[in-house]
Number of protein chains: 2
Amino acid sequence: MKNRPYHHGDLATELLARAEQTLREKGAAALSLRELAREIGVSPAAPSRHFKSKQALLDALALGGFERLAEATAASQREVGESFAERLDAAARAYVGFTLANAALVDLMFSVKHSPEASEALRAAAGRWSEQLFELIGAGQRRGEVREGAPERVTLPVFAALHGYAGLAVSGMLPAEMAEHGLDDVIASILRQCRPE
Amino acid sequence: MKNRPYHHGDLATELLARAEQTLREKGAAALSLRELAREIGVSPAAPSRHFKSKQALLDALALGGFERLAEATAASQREVGESFAERLDAAARAYVGFTLANAALVDLMFSVKHSPEASEALRAAAGRWSEQLFELIGAGQRRGEVREGAPERVTLPVFAALHGYAGLAVSGMLPAEMAEHGLDDVIASILRQCRPE
DNA sequence: CTACATTGTGAACACCGCATACATTCGAAG
DNA sequence: CTTCGAATGTATGCGGTGTTCACAATGTAG
């Protein structure tokens with residue numbers, strides 16, 4: 001009856017793909033392992049062979065999100081000028097754009113609830129990405145376009161502003177008049193706070 | 001057998017209270033109407049008389065959160081000096097303190113998922129609170145301690161930085177060396193970006 | 001070819017949110 | 001005070017969920 005062989009071949013990746021699709025369309029809360037299995041045409045217990053719990057599936061999604069975010073950030077820096085203002089602008093728009101395009105996923109990534117062992121991998125992936133921000137700031141400092149100071153202590157406020165703006169925009173809590181110039185204003189304020197004396 | 005009368009007397013408020021407690025202790029996902037009813041000693045369907053759905057209960061919690069946040073912010077401004085630096089510092093610590101002390105609740109407040117009619121009330125409560133921030137910035141401008149500009153466009157980056165820092169801190173994504181001076185650095189950067197030319 | 005590890009199945013369990021029909025209590029109008 | 005409707009709590013059931021277990025089918029290494 002079923003044309004599908006007994007073994008699916010690559011259930012894990014198809015689970016992740018479909019999960020991310022439903023995540024995007026209906027949010028994290030509406031994600032159901034059983035429904036996923038039903039869509040793929042596999043028994044309800046099959047997913048548990050690849051993800052020992054629903055949380056594990058979510059952790060895997062979050063991990064992939066960080067990797068893609070890191071890639072998007074790197075890409076934004078590849079074809080842009082060398083001035084700090086340009087590079088920051090590109091990185092900021094890459095980050096906020098990614099967040100707006102993957103709201104539920106980003107929510108997952110920065111969610112508090114992660115299984116302890118996944119937390120390690122997540123922290124690592126997040127670190128691999130935030131290093132790009134350190135490097136961005138560091139380069140600006142070397143060019144004399146960013147004020148002096150320990151890179152982490154200069155980078156944190158920058159990143160916080162971006163993260164905060166993206167979160168506010170996604171939550172729909174921004175009145176229209178703020179959303180319009182919102183990102184521009186945030187970027188401008190970051191440049192102002194980074195300026196050397 | 002039961003000493004409790006047939007009518008509980010104030011089920012709605014006790015539901016909210018217990019819900020917030022479990023929210024704090026075990027997170028939003030672990031919140032169950034049935035378990036709440038069990039704890040209070042009432043039938044599983046009883047809560048539905050006061051909150052037509054689980055989402056309605058969550059909306060009510062979020063609403064209360066905004067009100068308490070507004071109150072905490074107002075309190076932070078009552079017994080503090082008049083300089084912008086002092087007032088911003090107080091408001092910032094009030095906001096970040098509130099989110100750290102009520103992480104899951106704040107998550108709920110800024111979550112995307114709200115029933116349409118609750119969104120209105122939520123937006124209103126959020127507005128009542130954000131007006132305090134506008135006023136904070138406006139007062140700073142009148143004192144000549146904050147750069148000129150439309151209040152919304154000056155306030156947004158300020159609030160974004162605070163919101164973003166709180167989110168990062170809560171998510172545990174901050175390395176130790178950042179978390180230490182983190183808030184201080186964010187506040188300093190806000191002051192820098194607000195400074196007149 | 002045989003043994004073992006991997007992957008998918010089927011049934012079961014204990015939950016959950018929600019809806020419906022019914023019971024009890026409260027409060028106001030007559 | 002009685003009555004009668006509204007508010008509140010109960011009992012039960014439905015369809016859904018995540019997770020676990022024993023078992024079956026398939027792949028793979030020796």
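In what follows, every chain begins at residue 1, and chains take the letters A, B, ... in the order their sequences are listed. These values consider heavy atoms only, across backbone and side chains, with no hydrogens, waters or symmetry-generated copies.
- In this model, a donor atom of one side chain and an acceptor atom of the other lie less than 3.5 Å apart for A:Ser83 and A:Glu86.
- Not a single donor-acceptor pair under 3.5 Å links the side chain of A:Arg153 to the backbone N or O of B:Asp185.
- Side-chain atoms of A:Glu145 come within 3.5 Å of backbone N or O of A:Phe84 as a donor-acceptor pair.
- Rounded to a whole Å, the CG atom of B:Leu36 is 9 Å from the P atom of C:dG17.
- Put simply, the side chain of B:Leu162 reaches to within 4.5 Å of the side chain of B:Ile190, judged on heavy atoms.
- Checking D:dG9, D:dT19, C:dG10 against every side-chain atom of B:Ala46, the shortest atom distance belongs to D:dG9.
- B:Leu15 has its CG atom 12 Å from the P atom of D:dT8, to the nearest Å.
- Between the C1' atom of D:dG9 and the CD1 atom of B:Ile40 lies a distance of 13 Å, rounded to the nearest Å.
- Side-chain contact, B:Tyr165 with A:His163: no donor N or O sits under 3.5 Å from an acceptor N or O.
- Spacing between atom CG of A:Leu33 and atom P of D:dT19 amounts to 6 Å, rounded to whole angstrom units.
- Listed pair B:Arg38 / C:dC16 meets the phosphate criterion, a side-chain N or O lying under 4.0 Å from OP1 or OP2.
- Residue B:Leu31 is classed as a sugar-phosphate contact, given heavy-atom separations below 4.0 Å to backbone atoms only.
- Protein atom CZ of B:Phe51 is 12 Å distant from nucleotide atom P of D:dT8, rounded to whole Å.
- Remark: A:Ser48 is not in phosphate contact with D:dT20, judged by side-chain N or O atoms under 4.0 Å from OP1 or OP2.
- Residue A:Leu57 contributes atom CG, which lies 10 Å from atom P of D:dG18 at whole-angstrom precision.
- Between B:Leu11 atom CG and C:dC26 atom P the separation is 14 Å, expressed in whole Å.
- Residue B:Arg49 has its side chain nearest to D:dT10 when only D:dT10, D:dT17, C:dC18 are considered.
- Between B:Glu35 atom CD and C:dC16 atom P there is a gap of 6 Å when expressed in whole angstrom units.
- In this structure, A:Arg34 and A:Ser43 both approach DNA chain C, and ranking their closest nucleotides by distance from the 5' end singles out A:Ser43.
- Side-chain N/O atoms of B:His50 include none lying less than 4.0 angstrom from OP1 or OP2 on D:dA7.
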